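Report on the structure given below.
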Amino acid sequence: LPQIIIIRHAKSDWSSFNSDFERGLNERGYRSCEIISRELKKRIKIPNKFLVSPAKRAQLTFEEIFFSWVQNKSIFQLTSSEEILYGGSKFDILNLIKQNFSGIQTGVLIGHNPVLSELINDMAFKNKKLLPYNLVTAGCIIFDYESSDYVNSNFKDGVVKEYIFPRQFMWIDYEFL
């Protein structure tokens with residue numbers, strides 16, 4: 001089944017005097033990325049396309065989660081940095097998804113709240129009880145679809161498959177696996 005995965009950037013570092021756009025990840029953010037990377041690997045194949053906010057914390061979240069999935073940096077060829085994901089409306093982002101993910105098997109979008117928490121409610125009409133009110137940092141929602149013709153389906157065939165987030169797995173000590 002075609003899938004779209006929505007990920008909120010991992011926990012950012014507020015200790016520096018960088019602009020909002022230039023904030024990186026803090027230690028918890030890096031740990032969360034490691035957890036989400038391992039858990040996503042169990043659930044999905046290597047995605048066909050990535051849409052990532054140009055903000056540093058979103059770019060680092062992408063790198064920390066997905067770089068270990070491939071041996072070389074070919075993953076950059078599948079990646080597009082999209083300004084709309086930093087400050088755009090949910091309608092702009094839905095159109096971006098339709099334009100970029102139609103016809104592919106698995107697409108990943110990495111962005112920011114509050115727009116992602118609004119967006120996820122328009123991404124599926126089945127199993128919505130799994131959706132959080134607020135998508136937490138490094139939170140990840142996997143949506144399944146009958147067809148990847150998102151332009152024509154308007155996501156009506158979407159099913160929320162799973163919501164995963166780092167705290168679900170904090171009890172697992174990944175260093176010893």
Side-chain angles (χ1 to χ4, degrees), residues 1 3-16 18 20-70 73 75-76 78-82 85-87 90 93 97 101 106-124 126-144 158-177:
L1 291 173
Q3 294 183 313
I4 295 177
I5 292 86
I6 305 290
I7 303 172
R8 182 179 172 197
H9 66 80
K11 195 76 171 160
S12 61
D13 184 1
W14 287 81
S15 66
S16 67
N18 292 337
D20 179 68
F21 191 82
E22 290 297 321
R23 274 189 287 127
L25 301 179
N26 67 16
E27 185 179 326
R28 183 173 135 202
Y30 283 106
R31 281 194 321 268
S32 295
C33 287
E34 180 183 354
I35 291 168
I36 292 301
S37 179
R38 289 195 176 144
E39 292 302 320
L40 269 180
K41 253 188 215 181
K42 298 173 187 176
R43 292 163 171 81
I44 66 170
K45 295 180 178 166
I46 294 176
N48 306 95
K49 184 147 190 173
F50 299 88
L51 300 175
V52 184
S53 162
K56 185 175 182 179
R57 61 192 178 275
Q59 293 288 321
L60 289 171
T61 298
F62 162 68
E63 292 172 11
E64 292 297 317
I65 292 174
F66 292 104
F67 272 18
S68 67
W69 290 37
V70 292
K73 300 299 182 218
I75 202 160
F76 278 121
L78 307 173
T79 306
S80 178
S81 178
E82 297 289 342
L85 296 176
Y86 185 76
K90 76 173 179 177
I93 296 172
I97 290 169
F101 291 163
T106 304
V108 171
L109 181 144
I110 301 175
H112 310 269
N113 264 356
V115 72
L116 289 186
S117 288
E118 297 170 18
L119 175 78
I120 57 177
N121 285 293
D122 292 340
M123 297 290 300
K126 298 176 190 150
N127 221 14
K128 287 179 93 163
K129 66 184 179 297
L130 294 178
L131 292 176
Y133 173 74
N134 179 49
L135 184 58
V136 300
T137 52
C140 174
I141 300 176
I142 302 169
F143 296 96
D144 283 345
V159 177
V160 180
K161 182 176 182 182
E162 190 172 10
Y163 171 41
I164 62 173
F165 52 95
R167 288 191 182 226
Q168 285 174 301
F169 309 101
M170 289 292 191
W171 58 272
I172 300 172
D173 189 348
Y174 277 110
E175 291 184 24
F176 297 106
L177 292 180

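Quick caveat, the model's predicted, so the values are computed rather than measured.
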Any side-chain heavy atom of Val159 within less than 4.5 Å of one from Leu1?
-> no
Validation row: Arg28, Thr137 side chains within 4.5 angstrom (heavy atoms) = yes
Distance col, row Ser117:OG vs Arg8:CZ, nearest 0.5 angstrom, shows 6.5 Å
Measure the spacing between NE2 of His9 and SG of Cys33 and express it to the nearest 0.5 Å.
-> 10.5 Å
Please assess Ile93 against Leu51 for the test side chain to side chain contact (heavy atoms under 4.5 Å, CB included), listing each intermediate value before the final yes or no.
-> CA-CA 10 Å; Ile93 296 172; Leu51 300 175; over 6 Å; no
Beyond-backbone contact of Leu131 with Phe143, side-chain heavy atoms, under 4.5 angstrom | yes
Of all heavy-atom pairs linking Phe101 and Leu109, the shortest is CZ-N, 4.3 Å
Residues in ring-ring contact (aromatic ring centres under 6.0 Å, His included) with Phe66, at least two apart?
-> Phe50, Trp69
Phe165 and Leu135: CA distance, side-chain angles, deciding distance, side chain to side chain contact (heavy atoms under 4.5 Å, CB included) verdict = CA-CA 9 Å; Phe165 52 95; Leu135 184 58; over 6 Å; no
Taking it one step at a time, do Gln3 and Ile142 satisfy side chain to side chain contact (heavy atoms under 4.5 Å, CB included)?
-> CA-CA 7 Å; Gln3 294 183 313; Ile142 302 169; 3.4 Å; yes
Ile141 vs Val160 side-chain heavy atoms within contact, under 4.5 Å = yes
Heavy atoms, side chains only, cut-off 4.5 Å: are Asn48 and Leu78 in contact?
-> no
Can you sort out the partners of Glu162 under side chain to side chain donor-acceptor pair (under 3.5 Å), two or more places apart, ordered by chain and number?
-> Arg43
Inter-residue atom distance Gln59.CD - Leu25.CG, 0.5 Å rounding = 11.0 Å
Inter-residue atom distance Gln168.CD - Cys140.SG, 0.5 Å rounding = 10.0 Å
Output yes when Lys42 and Glu39 qualify as a salt bridge under the 4.0 Å nitrogen-oxygen rule, no when they do not.
-> yes
Exam field: side chain Ser37 to backbone Ile65, donor-acceptor pair closer than 3.5 Å | yes
With sequence neighbours left out, write down each residue that passes ring-ring contact (aromatic ring centres under 6.0 Å, His included) with Tyr86, or none if nothing qualifies.
-> Phe21, His112
Can you list every pair that meets salt bridge (Lys or Arg N to Asp or Glu O under 4.0 Å) and has a residue in residues 54-70, with sequence neighbours left out?
-> Asp20-Arg57
Taking the side chain as every heavy atom from C-beta outward, state whether Ser53 and Ile110 have any pair of such atoms under 4.5 Å apart.
-> no
Partners meeting side chain to side chain donor-acceptor pair (under 3.5 Å) with Ser12 (sequence neighbours left out) | Trp14, Arg23
Mind running side chain to side chain contact (heavy atoms under 4.5 Å, CB included) on Ser81 and Val52 for me, showing each step along the way?
-> CA-CA 5 Å; Ser81 178; Val52 184; 5.6 Å; no
Quick one: list whatever passes side chain to side chain donor-acceptor pair (under 3.5 Å) with Ser32, sequence neighbours left out.
-> none
Of all heavy-atom pairs linking Asn26 and Gly29, the shortest is OD1-N, 2.8 Å
N/O donor-acceptor pair under 3.5 Å between Glu82 side chain and Pro54 backbone | no
May I ask you to test the Asn127-Lys129 pair for a side-chain heavy-atom distance under 4.5 Å?
-> yes
Quick one: are Val108 and Leu40 in side-chain contact, heavy atoms under 4.5 Å?
-> no
Value rounded to 0.5 Å, distance of OG1 in Thr79 from NZ in Lys49 = 9.0 Å
Nearest-0.5 Å distance, CG of residue Asn121 to OH of residue Tyr133 = 10.0 Å
